[in-house]
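Contents: one structure, followed by commentary.
This is a predicted model, so every value here is computed, not measured. Labels below follow one simple rule: chain letters A, B, ... track the order of the sequence lines, proteins then strands, and each chain is numbered from 1.
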Amino acid sequence: MCLESRPESRPERVLITGASGGLGRALALELAARGAKVALVARREKELKEVVKLVRARRGDAIPLVYDVGDKDAVYPLVAIAQERIGPIDTVIHNASTLGAVPLRPLLDTDCEALEDAVRVNLVGPFRLTKALVPSFLTRGRGLVVFVSSDAAVQAYPSWGPYGATKAAADHLARTLAEETKGTGVRVLSVDPGEMDTDMHAAAMPDADRAALAKPETMARRLIDRLSNESWRSGDRIELSAEGP
Amino acid sequence: MMMAPAIFPRSLDACRLIVVDPHRATSTLPALRLVDLLEPGDVVVVNDAATFPGAFHGFLRRVSSPDVDSDSKKSVNLLSARTEPIEVRFAAHPSRNQFRALVFGVGDWHTPTELRPVPSNLRVGDQVVFESASEGEPTGTIAAIDRSGRVVDLVFEVPEDDLWRHLYRAGTPIQYSYMRDALAIWDVQTSYASRPWSFEMPSAGRILNSRALVEFARKGVHLRTVTHAAGISSTGDSALDRSLPWPERFSIPEATVRSIDNAEGRVVAIGTSVVRALEGAYARHQRVAAGEGTTDIRLSRESQLNVVDAIVTGVHDPATSHFELLEAFAPRESIKNALQEATRQSLLGHEFGDFMWLSAWPAHGPNRVGATSLPLRR
């Protein structure tokens, strides 16, 4: 099935989690520059409001939602406020994630609470947010759910256990959801943006050469281009490369 | 004959749908089988308003105390500290930072609304200081009071980027004394809830879980939305109650108008709020137009339905405004017979109760080609 770029499949009102830095921030700026209204979720109020201010300074439309996606009480408020302020959401990008505990360490040295925290933020939070949004996508016959994934979901990297396991779980949730919504106009995708120069990467790998890593701005552009131009199907898992499209 | 209320949120698995149609005997089926009553080409319209948690507990801070001289207004705030408990229940949202609300004194939803005391001698400038789970208490200032003294306009001088977050933290769902437990925000949302325009749940929408929404799409049933600001159902004052429902804001998207204009099947409203939005919109321009509006339409057996062929709603007692609206669809005796059957089968009423499908009787429904007296397939 080849999907040409259809006007109604361009993201117009996008909810992005983990938007106060890194890839989330870059996606917010890039989408806003392309005319989308963006509702930005993060725990850090000061940094989040700086991103909102920057979008608005560039004549874009953004609103801050100071919430923890892993918090059950946050979900309905943030979804309602987002839709009240920017209108019916058509795209959600599950970008917020946690490593579990830093410094990274072998699974056998990992506290179970750290694993539970990764499950809460990387899996259950996006699940709740998806439940709160996708039925309203169904009432409009369109919508896109993007799970930001990682190579750690596919390869077994020592010390990346909690993060990798929860990212793999989220990828499978995405595939299952895609099956369940076949034929409804709702589409689900996992995207691995590759390694990027972000605070999270620095926390995980403090000795890495940051200059050699892809910039989140570059990968944000690649990701958005891929969403609108490529032929992909709901349920796919896409790997972005730093080199080309 | 009074329907027993459902007193806690119930799983849809446990709910039933009683089917009332001029062409067949009344029957019941599991609520999850609503899709069996629908045909390809039918247009199902839902109210996608989210339910805003509009009950707030706090304290009244009177700024116009007669004991203080008007030059020292500042000291008044310190004097009238947390002595007067108050509950406000939002009923409407007239403008960006202003909410219309009912005021009550001490007590909460456990006490029947009509038994709650009401603060007296409220003045413009008085403030409502909310209790809140964390630091930073949102403060609403009374900008207007109605003649009954029970309804105020509250203004919040908080930047919009922060206002909704503060209100959501402080507010709890509006609920009444027949409930067993306090409701959580997720108890009062339909699965597809979008903008927080409603202060009580458009509860007929409970019948649509995601499985139903997907089944409709696959069956060729057109699912469409309106957003309708369903208000509160009880004020605690019988004179004010008689004035309900107050004018309600609605919004109808282009896609919904197109589907209704080109409907090959029936237009089925999920809930009385959808009927009010569509028939209210029709009443203004003699057609359903896209866009926003306000309606105070009161449907009754005198009304002619121009848009809606059938309604899915809760099981409502006679002498309620909901029942009055149902009489626009069918003769009173037919509805009452159905309610008797519902009572015999122990169906429950109120927002977490069971459901009723009510088709428009031939003389009552819209004069739409092919759809007016479409029988329900077995």
| note | Of the listed Arg195(B), Gln189(B), Arg165(B), the one with the largest count of heavy-atom pairs under 4.5 Å with chain A is Arg165(B)

| query | Under a 4.0 Å N-O cut-off, is there an ion pair linking Lys46(A) with Glu50(A)? | reply | yes

| message | Need one label for Lys49(A): side chain, backbone, both or neither, based on atoms under 4.5 Å from any heavy atom in chain B. | response | side chain

| query | What orientation do Phe90(B) and Phe56(B) show, parallel under 30°, tilted 30 to 60°, or perpendicular over 60°? | reply | tilted

| query | Is Glu30(A) paired with Arg34(A) through a side-chain N to carboxylate O contact shorter than 4.0 Å? | reply | yes

| message | Between Asp90(A) and Arg13(A) (salt bridge meaning N to carboxylate O under 4.0 Å), is one present in this structure? | response | no

| query | Is the count of non-hydrogen atoms from other residues, nucleotides or ligands lying under 6.0 Å from Glu292(B) atom CD greater than 12? | reply | yes

| Among Pro77(A), Gly183(A), Pro64(A), who wins on heavy-atom pairs under 4.5 Å with chain B? | Pro77(A)

| task | Say whether, by atom type as modelled, one donor and one acceptor occur between the side chain of Glu248(B) and the main chain of Gly231(B) under 3.5 angstrom. | result | yes

| field | Under 4.5 Å from any heavy atom of chain A - which part of Asp162(B) | value | side chain

| message | Which one wins on heavy-atom pair count under 4.5 Å against chain B: Leu138(A), Ile89(A), Thr139(A)? | response | Thr139(A)

| field | Heavy-atom contact with chain B under 4.5 Å, split by part of Glu180(A) | value | backbone

| query | Non-hydrogen atoms of chain B under 4.5 Å away: do they reach the side chain of Ala132(A), the backbone, both or neither? | reply | backbone

| said: If the threshold is 4.0 Å, N to carboxylate O, is there a salt bridge linking Asp161(B) and Arg85(A)? | reply: yes

| field | Part of Val66(A) within contact of chain B (heavy atom distance under 4.5 Å) | value | both

| Six-ring centre of Trp197(B), Arg249(B) cation under 6.0 angstrom, axis tolerance 45° | yes

| Heavy-atom pair count under 4.5 Å with chain A, highest-scoring of Gly171(B), Pro196(B), Ala217(B), Ala184(B) | Pro196(B)

| query | Side chain, backbone, both or neither: which part of Arg218(B) has a non-hydrogen atom closer than 4.5 Å to chain A? | reply | side chain

| note | One option among Ser194(B), Ser191(B), Pro253(B), Ala193(B) has the most heavy-atom pairs under 4.5 Å with chain A, and it is Ser194(B)

| field | Under 3.5 Å side-chain donor-acceptor pair for Asp192(A) and Ser149(A) | value | no

| request: Tell me, for Tyr67(A) versus chain B, whether the close heavy atoms (under 4.5 Å) come from the side chain, the backbone, both or neither. | output: side chain

| query | Relative to chain A, which segment of Tyr168(B) carries a heavy atom at a distance below 4.5 Å: side chain, backbone, both, or neither? | reply | side chain

